[in-house]
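Indexing begins at 1, ligand by ligand and atom by atom, following the structure's order.
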Amino acid sequence: MSEIQQPTSEDPTITARPETSLSARPLPSGTAPIKAEYLLYPTSTVESSSNAELNGLDQDDLAEGPTAGGDARDNKRRKPNNNNNKKERRGANKARSFPVIRETNIKICKQWESTGLCEFGENKCKYSHSWNGYFEIKPSDIYLNSSLSNLSSEPPYVDILDIETTTVEENDIIGKKINLRTVCPVLKDLGYCPYGWRCRFLGGHIKKVDSNQAESESTGPVTTIGKWELTNFATGEPENKEERWKHGETNWADYNVIGKLKRNQYDFPFSKAYLSVVEPEKPFTLNTSIPKYNSKQPKHNKRKQNNAPLDEESAMNVSEEAALNNEESALNGDEEDALNGGATAEKGYIAGESEAMEVPLRPEEKKRLNWEGGRYLAPLTTVGNLPFRRLCVDYGATITISEMALAQPLVSGHNDEWALCRRHESEKMFGVQLAGGFANRMVPAAELISKNLHGGVDFVDINMGCPIDLVFNQGAGSALMDAPGRLAKILVGMNRALGDIPLTVKFRTGIANNKPNAHKLIPKFVTQWGAGALTIHGRSRTQRYSRLADWDYIKTCADTLRESLADANLPPVPIFGNGDCFSSQGYYEEMEKSGVDGVMVARGALIKPWIFTEIKERREWDISATERLEGIRKYAEFGLSHWGSDTQGVNTTRRFLCEALSFQCRYVPIGLLERLPGKLNERPPAYKGRNELETLLSSPFVNDWIKISELFLGKVDDAFNFIPKHKSNAYGGEEAQG
Ligand SMILES: Cc1cc2nc3c(=O)[nH]c(=O)nc-3n(C[C@H](O)[C@H](O)[C@H](O)COP(=O)(O)O)c2cc1C
Ligand SMILES: [Zn+2]
Ligand SMILES: [Zn+2]
């Protein structure tokens, strides 16, 4: 029977995956075994050659790059009295792939808004000190219902009450825009809403008052306009200056420190002392006003190859670093030497013991952390943002880590890089991941973290795995695996700069496919350079995601680690394995077989964040579509709390929600599978879910992700156009957008 069966295309709820081949052949390997009753075309198969491509696996490694276009870099919450916002925002918006709903005609002065005062005064400040006219241009409230019971598996999936049906009969301008039945997710989360009148869920914290007051002239923020009074407005500023928590988050960059870093006036006493010993020939400077491009760096051109859109600023930052170090980046001849315990490594090690730098080095001198049995969410650029990590913690993750932060912009005081270090209070064991190729940036970055975020950072991890050219060509990420001389200086220095904060490393098997060298570095990591925990991703740099991680080699590494610790008579150092974990069963099998202390989960968590519940409860969870939608709503709410519930925050939340959905749509409900557990690298033939919502959630089309976002974030502008950073699932996107 080779006749092609056409889908019943009238059914708008069935989102067909693009067809590849429809002949009646046995399922090629790599095809998810979907039960016949859920197949859209009973005879269809997928073209195995295109599996990886269609499943987005070939794109996964590109997604590891530093966030491009400034997207995740603008994930900071705007400070109420930041008067410099204009410039920053303009830059950020330019890079966005979606237009911001216009609310720009009137820009309210943040300082005036939160305190009722502005240090610049009425005439000097560029921003508005009045709400006059604001509500004429403010978009209407978004309706959000936070009760658990209001989700359903059939359209419209949530109870949608639009503004027309719920607006109070008031015909004043505020009355027309608000929805008194909406819930403000920030108020729900924090007990106050710092977005006040700008909040798009304003109806959730406003009440009618009798008097018809004009905008009050009194001191303090305006809390009454016309017949409406703002309730639960607070800026969340900690009363005590020492208190580092605000809005349920910590690791806020200190304004003064950022200023000093920008002006190159920050003192790095430890880094100076250390670098003068290990690199006496290179005076320590953070001055970056030297030529950005250097002809000795032909590798720059290669950046284009990886198609990753570049954030020009961060591209420049790394190239500055390389330019600064260009003598060294002609990869020092002492690397091999160092691996064999040669001069450079020796120098770094011994220097570290001189009295000038008497700070802890050995893991036992560090804060004790409980790694064993930890459910570790991998570092994930762009998608591993704070709201996503919070969701994973909710599902059972116990160890979380920031997106990769680049050392250079960090020590240059770039706010956006500092924002990557932010931690939510639910993250009980939290690390910051740093990338950089040289001690003269990595050690100062560690010193900064230790001095300024101490208490908010449980460990610092070095990225030695990032494969993309932009990072690799600057000597950072996986390039470090072939640079033991630089590694020695970086690790020993960072380790000491960090004081009692443990230093960890995340690395690959090696750079080239058939030349794994991780096992050669491991003894150095733990016996000489003081790494407090290791994670090995079982792939080489050149290996694409379409090939499976090498868990046999991970076992070799775990064994090597144990042997070298035993030989040196040292206490245990935990090692995590990483690669392809997609189920509870897989998690425990890999752990047992390889002898690692835990398995770090990356794409498995992106596709099914509830994997942490499965691991915790040692079961495979046939999660229902409404339960999945519940997770999506949580993510939206966490996003609004973090990025803001004003128009800009809603836009940012939507953009990252769509980014998250570009992974979550790859989940094939396990109830539809012939055999368990599901596999990360298997691609389903076209299928439908057990109900309309399940079908919708499997859609690879951008327009459907937007539709899902609208359930919680309100309608988008007609012009809304989302292009995921990670394009894997945007196939057919053109049609979808047509
Ligand atoms: C979208 C994406 C972003 C990533 N970002 C980072 C990162 O910032 N730092 C890092 O060390 N690894 C990063 N990785 C690699 C993962 O942490 C992990 O090592 C890799 O995906 C293999 O694990 P998995 O098979 O469970 O996905 C990223 C991977 C993906 C897919
Ligand atoms: Zn002002
Ligand atoms: Zn609010």
Side-chain angles (χ1 to χ4, degrees), residues 56-57 59-67 72 81 83 107-113 115 117-129 141-142 144 182-190 192-206 230-233 376-384 401-406 420 433-435 461-468 471 477-478 505-508 535-539 545 548-549 576-582 586 599-607 611 640-641 644-646 649 659 662-663 680-681 725-726 728:
L57 292 164
Q59 299 272 339
D60 281 347
D61 51 352
L62 292 185
E64 280 189 44
T67 301
N81 46 7
N83 282 307
K107 282 209 175 114
I108 305 291
C109 167
K110 300 284 165 59
Q111 197 183 4
W112 171 81
E113 178 188 358
T115 64
L117 294 169
C118 168
E119 58 187 286
F120 297 101
E122 194 68 48
N123 298 327
K124 289 231 183 88
C125 181
K126 301 183 277 218
Y127 302 98
S128 173
H129 292 172
D141 268 6
I142 297 162
L144 180 68
T182 196
V183 172
C184 169
V186 185
L187 173 64
K188 181 182 142 203
D189 191 28
L190 302 174
Y192 59 88
C193 178
Y195 301 97
W197 297 108
R198 287 182 292 116
C199 180
R200 294 289 304 283
F201 306 82
L202 179 58
H205 41 74
I206 200 170
L230 191 60
T231 57
N232 303 93
F233 177 69
Y376 194 167
L377 170 65
L380 294 160
T381 294
T382 310
V383 279
I401 181 165
S402 76
E403 300 171 46
M404 167 176 77
L406 303 173
L420 298 176
Q433 189 184 57
L434 293 180
D461 185 64
I462 300 178
N463 180 318
M464 294 177 48
C466 187
I468 71 149
V471 170
S478 53
V505 282
K506 177 168 180 277
F507 49 94
R508 290 185 175 241
T535 301
I536 171 158
H537 174 194
R539 286 188 180 84
Y545 275 92
L548 293 179
F576 279 72
N578 168 231
D580 307 328
C581 178
F582 200 59
V599 177
M600 174 188 268
V601 189
R603 290 165 305 156
L606 291 173
I607 295 170
I611 190 172
L640 293 164
S641 241
S645 56
D646 57 347
E659 207 75 67
S662 78
F663 280 97
L680 184 50
N681 59 338
K725 179 190 176 210
H726 176 266
S728 66

*Asks:* How wide is the angle at the Zn ion (ligand 3) between SG of C184 and SG of C199, to the nearest 10°?
*Replies:*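 That angle is 110°.
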*Asks:* Is a donor on one side and an acceptor on the other found under 3.5 Å between the side chain of D646 and the backbone of R198?
*Replies:*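 Not at all, since once roles are kept as given, no pair shorter than 3.5 Å links the two residues.
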*Asks:* Near A378, which atoms of ligand 1 are under 4.0 Å from a heavy atom of that residue?
*Replies:*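 Listed by number with element, the hits are 17 (O).
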*Asks:* Between K506 and I401, is a side-chain contact (heavy atoms from CB on, under 4.5 Å) present by the stated rule, with each step listed?
*Replies:* CA-CA 12 Å; K506 177 168 180 277; I401 181 165; over 6 Å; no
*Asks:* With the Zn ion (ligand 2) at the center, what angle do SG from C118 and NE2 from H129 span, rounded to 10 degrees?
*Replies:*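 Nearest ten degrees: 110°.
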*Asks:* Looking at E403, is its backbone amide N or carbonyl O close enough to the side chain of T381 to form a donor-acceptor pair, meaning the two atoms are under 3.5 Å apart?
*Replies:*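 Checking the backbone N and O of E403 against the side chain of T381, no donor-acceptor pair under 3.5 Å is found.
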*Asks:* So which atom in M404 and which in V471 form the shortest heavy-atom distance, rounded to 0.1 Å?
*Replies:* CE-CG2, 4.3 Å
*Asks:* At the 4.0 Å heavy-atom cut-off, does Y545 count as touching ligand 1?
*Replies:* yes
*Asks:* Heavy-atom contacts under 4.0 Å between T381 and ligand 1: side chain, backbone, both, or neither?
*Replies:*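 Both of them.
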*Asks:* Between L680 and ligand 1, is there a nitrogen or oxygen pair with a distance under 3.5 Å?
*Replies:* no
*Asks:* Yes or no: does G579 have any heavy atom under 4.0 Å from an atom of ligand 1?
*Replies:*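 So G579 counts as touching ligand 1.
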*Asks:* Number the atoms of ligand 1 from 1 as they appear, then name those within less than 4.0 Å of a heavy atom of D580, with their elements.
*Replies:*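 This gives 24 (P), 25 (O), 26 (O) as the contact atoms.
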*Asks:* With the Zn ion (ligand 3) at the centre, find the angle made by NE2 from H205 and SG from C193, to 10°.
*Replies:*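 Taking the Zn ion (ligand 3) as the apex, the two atoms subtend 100°.
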*Asks:* Below a 4.0 angstrom heavy-atom separation, can you tell me which part of H537, side chain or backbone, both or neither, approaches ligand 1?
*Replies:* side chain
*Asks:* Which ligand 1 atoms are under 4.0 Å away from a heavy-atom of K506?
*Replies:*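 The list of qualifying atoms is 10 (C), 11 (O), 12 (N), 15 (C), 16 (C), 17 (O), 18 (C), 19 (O).
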*Asks:* Any idea which atoms of ligand 1 are less than 4.0 Å away from a heavy-atom of N463?
*Replies:*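 In order of number, 9 (N), 10 (C), 11 (O).
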*Asks:* Does some side-chain heavy atom of T535 sit less than 4.5 Å from a side-chain heavy atom of Y376?
*Replies:*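 SC-SC contact between Y376 and T535 confirmed.
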*Asks:* With atom 11 (O) of ligand 1 as the reference point, say which of M600, Q433, E403 has the nearest heavy atom.
*Replies:*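 The residue whose heavy atom sits nearest atom 11 (O) of ligand 1 is Q433.
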*Asks:* Between the side chain of R508 and the main-chain N/O of G465, is any donor-acceptor distance below 3.5 Å?
*Replies:*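 Looks like yes, one N/O pair under 3.5 Å.
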*Asks:* Within the 3.5 Å criterion, strictly below it, is a donor on S641 or D189 matched to an acceptor on the partner's side chain?
*Replies:* yes
*Asks:* Counting N and O atoms only, with roles assigned by atom type, does the side chain of T182 sit under 3.5 Å from a partner on the main chain of L144, one being a donor and the other an acceptor?
*Replies:*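 Yes.
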*Asks:* Fit a plane to each ring of H129 and W112, take the angle between them on a 0 to 90° scale, and name the class: parallel (under 30°), tilted (30 to 60°) or perpendicular (over 60°).
*Replies:*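 Rings of H129 and W112: parallel, under 30°.
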*Asks:* Please determine if A602 has a nitrogen or oxygen closer than 3.5 Å to a nitrogen or oxygen of ligand 1.
*Replies:* yes
